[in-house]
Amino acid sequence: MASPRTITIVALSVALGLFFVFMGTIKLTPRLSRDAYNEMKRAYKSYVRALPMLKKIGVSSILLRKSIGALEVACGIVMTLVPGRPKDVANFLLLLLVLAVLFFHQLVGDPLKRYAHALVFGILLTCRLLIARQPEEQPPEKRILSVNGDEQPLIHEAAPEKGKIKVS
């Protein structure tokens with residue numbers, strides 16, 4: 001049976017991956033929701049207007065929106081389907097992306113209700129990454145000391161913990 005840690009990581013990976021595939025697809029095409037797509041177009045135009053530096057280096061609102069959307073789709077697919085270390089890399093990239101989006105929302109002065117989902121998913125990405133990076137708990141091994149052919153547990157393991165009474 002899988003450990004609770006493994007189940008948590010898999011559930012978060014799949015849920016977050018599917019969410020970012022969905023959100024990235026909305027940024028790339030109007031096929032899922034024309035209204036949401038048009039809202040994304042409007043929002044990214046305001047982000048580029050708020051950061052004239054992007055315009056100077058040749059980043060248009062279309063390029064910014066499509067780049068972020070493609071990165072979300074790619075990382076979402078990795079989070080959902082690819083096992084191992086690439087999930088952690090995708091998780092980290094998505095976390096950086098969420099931080100950038102939060103910065104954009106703050107820059108244009110959006111109200112909290114416009115970016116609350118980004119806060120929630122940023123927290124979920126952080127939790128998933130922290131859980132995934134924790135070492136797996138290993139059951140403690142019994143170390144045995146052999147003295148004159150008799151096996152005895154090591155002294156620090158044989159003694160009861162301080163404040164506890166050993167009951168036989």
Side-chain angles (χ1 to χ4, degrees), residues 1-51 53-141:
M1 172 138 187
S3 71
R5 176 183 175 272
T6 303
I7 293 169
T8 303
I9 292 172
V10 169
L12 279 172
S13 297
V14 170
L16 289 167
L18 291 175
F19 170 78
F20 281 102
V21 167
F22 177 73
M23 291 306 293
T25 303
I26 286 177
K27 289 177 179 81
L28 296 173
T29 180
R31 289 186 181 161
L32 293 179
S33 171
R34 184 165 299 282
D35 292 338
Y37 176 76
N38 289 332
E39 179 59 29
M40 290 291 178
K41 283 173 54 175
R42 187 205 59 74
Y44 278 86
K45 284 179 185 174
S46 69
Y47 300 156
V48 171
R49 272 194 307 269
L51 274 176
M53 174 186 66
L54 290 176
K55 203 69 143 170
K56 286 180 185 176
I57 60 174
V59 177
S60 66
S61 65
I62 296 169
L63 179 62
L64 182 65
R65 177 177 43 85
K66 290 192 176 199
S67 299
I68 289 176
L71 187 61
E72 284 179 348
V73 169
C75 289
I77 290 170
V78 169
M79 291 275 294
T80 305
L81 301 175
V82 179
R85 186 75 142 173
K87 276 187 197 244
D88 293 343
V89 173
N91 192 145
F92 184 72
L93 289 174
L94 286 170
L95 190 55
L96 291 177
L97 200 59
V98 166
L99 291 173
V101 168
L102 289 171
F103 171 74
F104 287 144
H105 282 291
Q106 285 295 307
L107 192 64
V108 298
D110 282 340
L112 178 62
K113 69 178 182 178
R114 295 252 325 166
Y115 61 90
H117 70 282
L119 281 172
V120 170
F121 283 94
I123 292 168
L124 288 173
L125 284 166
T126 303
C127 290
R128 190 226 163 263
L129 194 59
L130 290 174
I131 293 168
R133 299 307 307 151
Q134 284 182 339
E136 191 83 35
E137 286 188 18
Q138 301 287 334
E141 296 178 17

Next item on the list: Mind checking side chain to side chain contact (heavy atoms under 4.5 Å, CB included) for I77 and listing every partner two or more places apart, or none if nothing turns up?
Entry: V21, V73, L81

Margin query: Test of understanding: with side chain to side chain contact (heavy atoms under 4.5 Å, CB included), list the residues that count as partners of A11, not counting sequence neighbours.
Written below: none

Item checked: Heavy atoms from other residues, nucleotides or ligands near CZ of R42 exceed 12 (cutoff 6.0 Å) -> yes

Any residue meeting side chain to side chain donor-acceptor pair (under 3.5 Å) with [X], in chain and number order, not counting sequence neighbours:
X	answer
T6	S3
R5	E136
R133	D88

Note to self: With a 4.5 Å cut-off on side-chain heavy atoms, are F104 and V108 touching?
What the structure shows: no

Margin query: Filter on salt bridge (charged side-chain N to carboxylate O under 4.0 Å, His left out), then keep only pairs touching residues 92-102, sequence neighbours left out; what's left?
Written below: none

Margin query: Quick test of your reading: applying salt bridge (charged side-chain N to carboxylate O under 4.0 Å, His left out), list the pairs with at least one residue in residues 9-18, sequence neighbours left out, ordered by first then second residue.
Written below: none

Contacts under 3.5 angstrom, residues 113-120 side chains, donor-acceptor by atom type, not counting sequence neighbours:
| residue | atom | partner | partner atom | Å |
| --- | --- | --- | --- | --- |
| R114 | NH1 | E39 | OE2 | 2.6 |
| R114 | NH2 | E39 | OE2 | 3.2 |
| Y115 | OH | Q106 | NE2 | 2.6 |

Rounded to the nearest 0.5 Å, what separates atom [atom1] in [X] from atom [atom2] in [Y]?
X	Y	atom1	atom2	value
M40	L28	CE	CG	10.5 Å
L129	I9	CG	CD1	10.0 Å
L16	C75	CG	SG	12.0 Å
L97	L93	CG	CG	8.5 Å

Checklist line | Full working for side chain to side chain contact (heavy atoms under 4.5 Å, CB included) between V14 and L18 | finding: CA-CA 6 Å; V14 170; L18 291 175; 3.9 Å; yes

Next item on the list: Determine which pairs satisfy ring pair (Phe, Tyr, Trp, His ring centres under 6.0 Å) with at least one residue from residues 1-26, sequence neighbours left out, and list them in order.
Entry: F19-F121

Next item on the list: Under the side chain to side chain contact (heavy atoms under 4.5 Å, CB included) rule, what do L12 and K87 come out as? Steps first, then yes or no, please.
Entry: CA-CA 11 Å; L12 279 172; K87 276 187 197 244; over 6 Å; no

Notebook entry, point to check: Under the side chain to side chain donor-acceptor pair (under 3.5 Å) rule, what pairs show up with a residue in residues 95-105, not counting sequence neighbours?
Noted result: Y47-H105, H105-D110

Margin query: Quick test of your reading: applying side chain to side chain donor-acceptor pair (under 3.5 Å), list the pairs with at least one residue in residues 13-26, sequence neighbours left out, ordered by first then second residue.
Written below: S13-R128

On a heavy-atom basis, which atom in [X] and which in [Y] lie closest, and how many Å separate them?
X	Y	result
L125	L95	CD1-N, 3.8 Å
L51	F103	CD1-CE2, 4.0 Å
G76	L94	N-CD1, 4.4 Å
A36	S33	N-OG, 3.2 Å
K45	S61	CG-OG, 3.5 Å
A90	V78	CB-CG1, 3.7 Å

With a 3.5 Å cut-off and sequence neighbours excluded, list the donor-acceptor pairs that the side chains of residues 63-70 form with protein atoms.
| residue | atom | partner | partner atom | Å |
| --- | --- | --- | --- | --- |
| R65 | NH1 | K27 | O | 2.7 |
| S67 | OG | L63 | O | 2.7 |

